[in-house]
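Written below as structure tokens is the structure these notes are about.
If you read the sequence from its start, that first residue is 1, and numbering goes on from there. What you are looking at is a predicted structure, and each value in this text was computed from that prediction instead of being measured.
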Amino acid sequence: MIEYISAKTIVVRTKSSDWFGMDYNMNIYKGCCHGCIYCDSRSECYHIENFEKVRAKENALQIIRNDLRRKVKKGVIGTGAMSDPYNPFEEKLRLTRNALELVDAYEFGIGIATKSPMITRDIDILGSIGEHSPVLCKITVTTAEDELSAKIEPGVAVSSKRFETVAKLRDNGIYAGILLMPVLPYIEDNEENIRAIIRQASESGCNFIYPAFGMTLRQNQRDYYYEMLNRIFPQENLVGKYRKRFGDSYECRSPKAAQLYRMLGEECEKRGMLYRMKDIVHAYKRDYGEKQLNFLDMI
């Protein structure tokens, strides 16, 4: 049974729209049970106690309705930054689905980040939103190997299922691609892995791949990550490599980042997939103003 927590507002203005052109953020749930060993949201600075326990915000739909009704300016609402909107509780609670219906009714756009195939359940609503506003679906994939993804992301569908999710979204005309991050140093930052991801993304009909070759580590997130590395890869002394290379640095950029980014750019251009933020935003928001005018003419 899920626990509910209080909230005064849920749809909040972003400080900047630099991240995929998001104008607002919306987090209906708090915490995540995917168990990804690298998750930055586990950091103390976010003040999320018992991060692995998913909680829902009480009266979320009424709060979201009130938030949207009061917004003077339309825009794109991002969800999935701090907690996956398609956690296992969502299957029955349907809070994300109902929130998308409100986003549609109030004529906002939506940008979703998730690792869950459950997003395909809501293709009908995403299609409806797309008739008047931008829709962007980002499916996180960090490794091409199902066996490895099951180790480092144990509570969520393996990578092959996520590629299938992208394919289904694209088959239904939804703008979708791969969020290739974090790419874990000494584990995933090899050319073989990245090329395999690019190939599978292309076969899935991806519109884009947006990468970050490295990860962040701070506070208790670092402690947890190192504990899991010792548990999962006991013979490889990965913690020693991290400490030697990165020390206490917050940003842990892959030693191969520049090389991998060049290769990804070349391969994406060959396959007709976008990989630069500005190009992705321009593409999924194309004709936004014109769409709004056409939609208003219809009602």
Side-chain angles (χ1 to χ4, degrees), residues 5 12 14-20 22 24-55 57 78-87 111-116 136-143 148-157 159 162 177-189 193 197 209-233 238-239 241-243 245-257 260-261 277:
I5 56 176
V12 296
T14 59
K15 293 180 181 178
S16 167
S17 61
D18 289 348
W19 185 251
F20 286 100
M22 297 296 112
Y24 301 94
N25 283 326
M26 177 179 71
N27 287 299
I28 303 169
Y29 296 97
K30 193 171 186 179
C32 185
C33 55
H34 287 342
C36 304
I37 67 171
Y38 51 72
C39 187
D40 178 71
S41 297
R42 193 176 278 108
S43 300
E44 289 175 357
C45 63
Y46 296 118
H47 308 293
I48 304 176
E49 296 182 7
N50 300 320
F51 176 73
E52 288 77 12
K53 182 178 181 180
V54 177
R55 287 143 286 184
K57 294 179 180 177
T79 187
M82 294 294 296
S83 180
D84 198 309
Y86 291 100
N87 61 72
I112 302 174
T114 183
K115 293 186 178 84
S116 174
L136 174 69
C137 293
K138 300 168 288 180
I139 309 300
T140 301
V141 175
T142 69
T143 173
L148 181 56
S149 70
K151 290 179 179 178
I152 64 175
E153 303 156 337
V156 69
S159 296
R162 290 179 237 170
I178 297 298
L179 203 58
L180 178 54
M181 62 178 69
V183 177
L184 306 180
Y186 308 115
I187 300 172
E188 300 170 323
D189 61 338
N193 178 49
I197 289 173
I209 301 177
Y210 187 73
F213 295 110
M215 65 183 304
T216 59
L217 284 176
R218 56 184 165 190
Q219 304 157 327
N220 57 313
Q221 176 205 3
R222 179 185 288 107
D223 296 337
Y224 181 84
Y225 181 64
Y226 285 176
E227 178 185 344
M228 296 308 295
L229 289 185
N230 284 331
R231 188 180 304 178
I232 299 169
F233 309 101
L238 289 174
V239 173
K241 291 180 181 179
Y242 273 79
R243 285 177 173 153
R245 176 81 187 191
F246 305 115
D248 293 329
S249 297
Y250 166 61
E251 185 177 350
C252 303
R253 193 167 182 258
S254 165
K256 303 176 183 177
L260 292 174
Y261 187 79
M277 178 72 75

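Tyr224 is linked by a ring-ring contact (aromatic ring centres under 6.0 Å, His included) to nothing, counting only residues two or more places apart in sequence or in another chain. Residues passing the side-chain hydrogen bond (donor to acceptor under 3.5 Å, both in side chains) test with Asp18 are Ser16, sequence neighbours excluded. Applying the ring-ring contact (aromatic ring centres under 6.0 Å, His included) rule to Phe213 yields no partners; only residues at least two apart in sequence or on another chain are considered. Taking the side chain to side chain contact (heavy atoms under 4.5 Å, CB included) definition, one finds that Ala157 meets it with Pro117, Lys161, sequence neighbours left out. Taking Tyr38 as the reference, nothing meets the ring-ring contact (aromatic ring centres under 6.0 Å, His included) condition, with sequence neighbours excluded. Contacts of Ser159 classified as side-chain hydrogen bond (donor to acceptor under 3.5 Å, both in side chains), with partners at least two apart in sequence or in another chain: none. Take Val12 and apply the side chain to side chain contact (heavy atoms under 4.5 Å, CB included) test, not counting sequence neighbours, and it matches Thr9, Asn25. Evaluation of the salt bridge (Lys or Arg N to Asp or Glu O under 4.0 Å) rule for Lys53 yields Glu3 as partners, not counting sequence neighbours. With sequence neighbours excluded, the residues satisfying salt bridge (Lys or Arg N to Asp or Glu O under 4.0 Å) with Glu52 are Arg42. Partners of Phe233 by ring-ring contact (aromatic ring centres under 6.0 Å, His included), not counting sequence neighbours: none found. Residues satisfying the salt bridge (Lys or Arg N to Asp or Glu O under 4.0 Å) test with Glu153, not counting sequence neighbours, are Arg162. Applying the side-chain hydrogen bond (donor to acceptor under 3.5 Å, both in side chains) rule to Thr216 yields the partners Asp40; only residues at least two apart in sequence or on another chain are considered.
For Lys138 and Phe20, the positive end sits near the middle of the six-membered ring, less than 6.0 Å away and at most 45° from its axis.
Without hydrogens or angle criteria, Ser254 side chain to Gly214 main chain gives no donor-acceptor distance under 3.5 Å.
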